[in-house]
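Just below is one structure, and these are the notes that go with it.
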Amino acid sequence: MGEVRLRFAPSPTGHLHVGGARTALFNWLYARKMNGKFILRIEDTDLQRSTKESEKAIIDSLKWCGIDWDEGPDVGGDFGPYRQSERVLKGIYDHYARALIERQMAYYTIYDKTDIKKPVLNTYEYPKEYIQQGHQITISFKVPKGTTKFYDLLKGDMEFQNSTIEDFVIIKSDGFPTYNYAVVIDDHLMKITHVFRGEDHLSNTPKQIMIYNALGWEVPEFMHIPLILGFDRTPLSKRHGATSVEYFRSVGILNKGLMNYLALLGWSVGEEEIFDIKERIKNFDPSSISNKGVVFDPEKLEWVNGKHMRAIDPEKLFGEFVDWSRFTGRKTPECSKEYALRVISICREKVNTLSALYDLSYPFFFDDYVYEQKFIDEYLKASYAKDVLERALDYFTRLQDWSVESTERVCRSLAQLEIASKNKVFQLLRGTVTGKLVTPGLFETLWVLGKQRVILRIEKALSYTRSWA
RNA sequence: GCCCCCAUCGUCUAGCGGCCUAGGACACUGGCCUUUCAAGCCAGAAGCAGGGGUUCGAAUCCCCUUGGGGGCGCCA
């Protein structure tokens, strides 16, 4: 058996959808598992909707996902070009269309000059005169009699009656090929051996097989993957909120988390649900993919992501954190790596996304944090606040060794003063040094912040209480 | 309308004729822990769409019904 070659062939008409990412992932997984090749092909035959920006966005998203390709528009390869629009220019699709017409397996259709949707003539002859007169012409594939059969890795044996399929256009009047035709030409010329794609293409497959047969080409293996649905069981779309890879990236999902979740969605890898997809390549078995439409669950995605946030090396997480901050146009921390890693380590225990991590860690990295209104109203303005904070300032100033244990000691002795309940004292301190009422453990927070910052922040809070007195 | 695919807790799944009193995970509920919120740990509630067969025996095989989805473009 020759080299296994798979491809992902998006049309550049928008962002990369999570469904597309999952399709790409499964193709990539199989190519890598089989030590084959993975190819990226851009299907930009829809002149109206295709844009360069989309192509770039899709490539960026794919790269971010950790999916790499051996051949593609940006990296080249022996079977290029890898953009269909460029292949049109080389006359590739015309060439085979003419071959089909010569065999009388396809024909020209000439349309009415004024009513351009109205076919007036079908012919095998090159309609030179009509073209000169300005008629629109297309080329259609002539569906033969009989039945078309194929085997789908997931669905099993498939059989379609050709009589239920009508002749279909393969070359549009603008000279560009249609999807069902171009995909066959390209997959064959690019020596694609396995086609894994969305289930929405299942009914297109017999058309494509007929073209393979008409041209006398070998048919690749097919697998049609069930679609990703929204909570109402309709295909996941913008109506369900954001669905693009870029969106999940922007809200702080890690690429590892997204890939892990996407893999989980329809493929039960084994007992453990949390894994690095790269370490599961060898376990990938296409035929074990679920055969039914799967509902996308953002909550589980977040849970999976949280697991990854806590599992990866803190240094790696900090790297992701900085990249993400830049990607979303936020400030990035300026501090020592040692300090940053401490912050990340204590904060990541409580969050599932980089965005939540950003919020939680903000007062550790920046001094311009603001007090939560609830903190001001319920703690800072409380009668005991000034008293407790003055004592705290005194205790912390005199504290020599700054450790989690010693800050805990101070906090507990402050509570034992019985100026206010332990809970109130702790919450007051928490808000004083972070502005928030939800933070990592108070003692760790104080320790990480360091003596100097803690004292400064207590003084700042005190000045507020004095201004109200 | 025609063609096609699919069907286990709310969701993702394990199950491939007896190991099923249907297992796990998310979410949910309760408890533990506790300085907040999480995390973590423990416990609980929750499902084989319905009806016929086949079989000693069916979540598993077959048929029908119902339900969901896809396709039938000069979109991909």
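For clarity, every value in this text was computed on a predicted model and none was experimentally measured. So that the names make sense, note that chain A is the first sequence line, chain B the second, and so on, each numbered from 1.
The pair A:Glu405-A:Arg409 does not count as a salt bridge, with every side-chain nitrogen at least 4.0 angstrom from each carboxylate oxygen. By the 4.0 Å N-to-carboxylate-O rule, A:Lys307 lies too far from A:Glu272 to be salt-bridged with it.
In this structure, B:C61 forms a base pair with B:G53, meeting either the Watson-Crick or the G-U wobble geometry with both donor-acceptor distances under 3.5 Å. Taking a pair to require two hydrogen-bonding distances under 3.5 Å in either a Watson-Crick or a G-U wobble arrangement, B:A22 remains unpaired. Across all strands shown, the partner of B:A7 is B:U66, judged by Watson-Crick or G-U wobble contacts whose two distances both fall under 3.5 Å. Across all strands shown, nothing is found opposite B:G73 as a Watson-Crick or G-U wobble partner with both distances under 3.5 Å. With a cut-off of 3.5 Å on both Watson-Crick or G-U wobble distances, the partner of B:C28 is given as B:G44.
At a threshold of 4.0 angstrom between heavy atoms, the contacts of A:Lys307 are confined to the sugar-phosphate backbone, with no base atom among them. Among the heavy atoms of the strands lying under 4.0 Å from A:His201 is at least one base atom, whether or not backbone atoms are also near.
Chain A approaches RNA chain B within less than 4.0 angstrom (heavy atoms of the protein), and the contacting nucleotides run 5' to 3' from B:C3 to B:A76.
Side-chain atoms of A:Leu341 and A:Glu315, non-hydrogen and from C-beta on, do get closer than 4.5 Å to each other.
Nucleotides B:A39 and B:A49 are separated by 38 Å at their C1' atoms, to the nearest Å.
The closest side-chain donor-acceptor pair between A:Lys155 and A:Asn291 falls under 3.5 angstrom.
Judged by a 6.0 Å distance limit and a 45° cone about the ring axis, A:Lys381 is not positioned over the six-membered ring of A:Tyr371.
Each of A:Val169 and A:Gln161 lies near RNA chain B, and the nucleotide nearest A:Gln161 is the one positioned closer to the 5' end. Annotation: of the two residues near RNA chain B, A:Met158 and A:Arg412, the 5′-most nearest-nucleotide partner is A:Met158.
With hydrogens and angles ignored, the 3.5 Å screen pairs no side-chain donor or acceptor of A:Thr234 with any backbone N or O of A:Gly230.
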